[in-house]
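Step one of this worksheet: look at the structure below.
Here is the naming used below: chain letters follow the sequence lines, and residue numbers restart at 1 for every chain.
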Number of protein chains: 2
Amino acid sequence: MQLIHSVSELRARLAGESSVAFVPTMGNLHVGHLDLVRIARQHGRCVVVSIFVNPLQFGVGEDFDTYPRTLEADCAQLQGLADVVFAPSVAEMYPLPQTMTVTPPPIASELCGAARPGHFSGVATVVLKLFNLVQPQVAVFGKKDYQQLHVIRQLVAQFNLPVEIIGGETVRAADGLALSSRNQYLSPAERGEAVFLSQTLQAVKQNLLSGVRDAAALERQAAEALAARGWQVDYVAIRSQATLAAPTSGEHELVVLAAAKLGITRLIDNLEICLEG
Amino acid sequence: MQLIHSVSELRARLAGESSVAFVPTMGNLHVGHLDLVRIARQHGRCVVVSIFVNPLQFGVGEDFDTYPRTLEADCAQLQGLADVVFAPSVAEMYPLPQTMTVTPPPIASELCGAARPGHFSGVATVVLKLFNLVQPQVAVFGKKDYQQLHVIRQLVAQFNLPVEIIGGETVRAADGLALSSRNQYLSPAERGEAVFLSQTLQAVKQNLLSGVRDAAALERQAAEALAARGWQVDYVAIRSQATLAAPTSGEHELVVLAAAKLGITRLIDNLEICLEG
């Protein structure tokens, strides 16, 4: 496994590679990331993992400065799984002020985008840059960041990028909590409580599967249940998998998404739901 | 020479081509375009010319509907010069609403961008799409659209696109008028007058070369000279070649740019100026 920090070295290493599968990450890798890397291995002869905490996708007052940076441990975990780890500095990715950006689709202003203005523009911009540097045939993103995956699929479709996007299933702790680098911000008590987010989404899913169709009521009840236990709820939303818009009446492929804060820690999670046709 | 209308056929034709030189155009080709294609031939084994009148870069009330479309004549001119002509329909380039766009740098709101809001976002967006479809190693753009060339160079630098941009010199009629598809909108009397635009830029250039340093006065005098002959002047501006910003005091690589309307026809032109060091 080769650790590369510079754009020029990356380009030289990948020149002539015709089967590259790529997993962009912000590092601090956990089992969920490693699962994405294993998926990448099934789709490319050369597996590239990027580790870059992208300032462009963090808002004022967010956790850019404190986001965990653990490059050495990350590389140890990727040993034998990845061929190339690309870990550029901020100056290497943004040698000049990034005055050109990608404007994301309107859906990027809803859900997580409502609480994080500019976030998905920052994500789309850095992913476009990374795609142009790595030039992968396949790229793998986790479904845990469901709205991010949607924006990336739109990026590829709307800009005709020559890359196939694969969504990897969310990996969960034994109690159901979705794995996330931000889980380590949780106090022991908060870690105990955190599982309630996925349980709440499971309850919404069961209600939908058992025939309840009042999405607004289900969203409201779920948000109230979280709030009653001390969560600050950003949103609980039942949406179309394909568009992330409110589902049309006949739509069967749904997803319920939520974002809520426990103390200082903002957690997100989602569950896909396929109603009987 | 192969004429291709669909994205899928283009991708199939170019798969495996490792030396592609690309000239994006809006068609209605003249000698200036053909010159760019000849430059492309020097830089790639496979020369691709796109012909696409891009609705995204035209504003309300501009000439999208009337812009001359002459595909058959264009192909005849490209015979023996290009290997592939890509002439997609609007539906082929924009099968879905283009809700994601490229936000251009601030300089794109000045000069031509001041009169044409959204123009350079439309240019950058379609060029990014075309680059992703054609995947050229080299792309050639005319210096006549100097600000466009600047925005494209920024697009490549800021998004790490793996393509080299070459600027082709402006080709002029015998009297000095820069060749442009829009010249054919001119009445015979206007065509006679049109040369005054390049003559005005030449006068600014001579003044700078002979030591005059009051750029603001030169710009004002040039604009007044045009206005006095019935031109509606958008701007005459002396800028830095590298940044298109107002030049710093020690800067020697300058360009004088102008845009002005003669009747209904908006003409642009520019001249590069290298002051003695």
* Is the closest side-chain heavy-atom distance between A:M93 and A:L130 below 4.5 Å? -> yes
* **Beyond-backbone contact of B:V47 with B:F22, side-chain heavy atoms, under 4.5 angstrom** => no
* Asked: Considering only heavy atoms, which portion of B:L155 lies under 4.5 Å from any heavy atom of chain A: side chain, backbone, both, or neither?
  -> both
* To do: Can you tell which part of A:P95 gets under 4.5 Å to a heavy atom of chain B, answering side chain, backbone, both or neither?
  => neither
* For A:I107, is it the side chain, the backbone, both, or neither that has a heavy atom closer than 4.5 Å to a heavy atom of chain B? -> neither
* A:V84 and A:L10, any side-chain heavy atoms less than 4.5 Å apart -> yes
Output all donor-acceptor pairs under 3.5 Å across chain B and chain A; consider backbone as well as side chains.
unit_1	atom_1	unit_2	atom_2	d
B:R11	NH2	A:N160	O	2.9
B:Q98	NE2	A:Q158	O	3.1
B:T99	N	A:Q158	OE1	2.8
B:T99	OG1	A:Q158	NE2	2.8
B:M100	N	A:Q158	OE1	2.8
B:T101	N	A:T103	O	3.3
B:T101	O	A:T103	N	2.7
B:T103	N	A:T101	O	2.7
B:T103	O	A:T101	N	3.2
B:T103	OG1	A:T103	OG1	2.5
B:K129	NZ	A:Q158	O	2.8
B:K129	NZ	A:N160	OD1	3.0
B:N132	ND2	A:F159	O	2.8
B:Q158	O	A:Q98	NE2	3.1
B:Q158	O	A:K129	NZ	2.8
B:Q158	OE1	A:T99	N	2.8
B:Q158	OE1	A:M100	N	2.8
B:Q158	NE2	A:T99	OG1	2.8
B:F159	O	A:N132	ND2	2.8
B:N160	O	A:R11	NH2	2.9
B:N160	OD1	A:K129	NZ	3.0

* Give, as side chain, backbone, both or neither, the part of A:L96 having an atom under 4.5 angstrom from any heavy atom of chain B. => neither
* Residue pair A:V123 / A:V151, side-chain heavy-atom distance below 4.5 Å -> no
* By a 4.5 Å heavy-atom criterion (distance strictly below it), what part of A:V163 contacts chain B: side chain, backbone, both, or neither? -> neither
* Report yes if the side chains of A:P136 and A:V48 come closer than 4.5 Å at any heavy-atom pair, otherwise no. => no
* Smallest separation among heavy atoms of A:F120 and A:A108, with atom names -> CD1-O, 3.5 Å
* Structure fact -> Given the options A:V49, A:L14, A:I51, A:L133, A:F86 meets side chain to side chain contact (heavy atoms under 4.5 Å, CB included) only with A:L133
* Minimum side-chain heavy-atom gap A:L161-A:L128 below 4.5 Å -> yes
